[in-house]
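In what follows, every chain begins at residue 1, and chains take the letters A, B, ... in the order their sequences are listed.
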There are 2 protein chains.
Amino acid sequence: MRIPVHIGIIPDGNRRWAEGKGLPKEDGYDRGLRPGLELFKLCQEIGIKELTYYGFTMDNTKRPAVQTTAFRKACVGAVEMLCNEDASLLVLGNTSSPLFPKELESYTSRRNFGKASTKVNFLVNYGWHWDLSKTPENVSTNKNNLIQSLYSSDISRIDLIIRWGGRRRLSGFLPVQSVYSDFYVINDYWPDFKAEHLYEALEWYDKQDVTLGG
Amino acid sequence: MRIPVHIGIIPDGNRRWAEGKGLPKEDGYDRGLRPGLELFKLCQEIGIKELTYYGFTMDNTKRPAVQTTAFRKACVGAVEMLCNEDASLLVLGNTSSPLFPKELESYTSRRNFGKASTKVNFLVNYGWHWDLSKTPENVSTNKNNLIQSLYSSDISRIDLIIRWGGRRRLSGFLPVQSVYSDFYVINDYWPDFKAEHLYEALEWYDKQDVTLGG
């Protein structure tokens, strides 16, 4: 089986999940922690080398305070959980805003935990325009140089993006690393994550051809 | 019904279509001309304001010469056909390569034909890295400024991308204009285009919510 080197995770549907259970929308975020850890462990077993989670974006911070507080807290919890694993951990996002959680500042340079066998990137207060706006004056048309000119330069090209919650869009997720990614959508909401979702996505990915645009 | 302002078209599957008919792969490209014109006319009737066609990319030019010759010819034919319509036409791509068709050089500044009621962009020898590499030294984090710093600055944000041929990926299609696009995949190959494909995509799009990442 052909296994992706790098998987991007868009864990959408937390608010819709909460609404469906008759709970306040913001209660959904906390329920995304268990799935995040479970998915990490499955990917590690399978031998996925790199994982990138879409935590929250600068766009998301326009939501009501009760929601921003809840998803910021969930991201801090998720990162702290991953510190107990064999992970090489990077938190990436715009730290110049007060909405970037202070607790995560020490992770904005990559840190190794345990055997550090899986690279994990966590996008926190990330913005596609912010990411691209670092581009310096002398950019050649070389693809590698272009990635090096991004704030997200330490995040590699993504082979497979899996999005939960049924929407078929990238919502600003790493536009440069995603140019050739295969895109798989799960209709279930992220808090309802189960191992079968990942296996289903990997089986589908195995049947795609890799052309890298060629 | 909520109609997208700008639709991106990824007309994939020409080679697989030809193979399925027992024809040489390169024979598929010419069969993409009729669908292109038919789709344009349907979109005009419906009131779509802007259409962007993915002609060919710098990545694609690595293919055998018999294929590059065929798809370059098909792009010239498609653009010449659109000159007979009410179209405001722009051809965008890297003109510094000999693979950019000479016949299309006069379209690299937008030209109006007839009532010019529909904006049509045609990507020819386009490359995502080429597009992004124009970025000048002083880029602010303002989203509009960022689009203005691209070679594709005259192409607006895309609401809906429709891809024929079953693949679920962008293949380098306008990474910045696609950040919030809804993405609809048709399994049929592009030469088998029929009006129902477009209607199906529009019906699906109508049911999506627009959040622009928020």
With only heavy atoms counted, which part of S181(A) is less than 4.5 Å from chain B, the side chain, the backbone, both or neither? backbone
Do R169(B) and T211(A) come close enough that some side-chain heavy atom pair is under 4.5 Å? yes
Is D209(A) close to chain B through its backbone or its side chain, or both, or neither, when contacts mean heavy atoms under 4.5 Å? both
Between CG of L146(B) and OG of S133(A), what distance do you get to the nearest 0.5 Å? 6.5 Å
For residues G213(B) and N60(A), report the shortest heavy-atom separation together with the two atoms involved. O-ND2, 3.1 Å
Part of T61(A) within contact of chain B (heavy atom distance under 4.5 Å): neither
Are there more than 12 heavy atoms of other residues, nucleotides or ligands under 6.0 Å from atom CZ of R15(B)? yes
Set of side chain to side chain donor-acceptor pair (under 3.5 Å) partners for R163(A), sequence neighbours left out: D12(A), S171(A)
Nearest-0.5 Å distance that lies between atom CZ in R168(A) and atom CD1 in I161(B): 13.5 Å
Under 4.5 Å, heavy atom to heavy atom, which residues of residues 182-190 of chain B contact chain A? D182(B), F183(B), Y184(B)
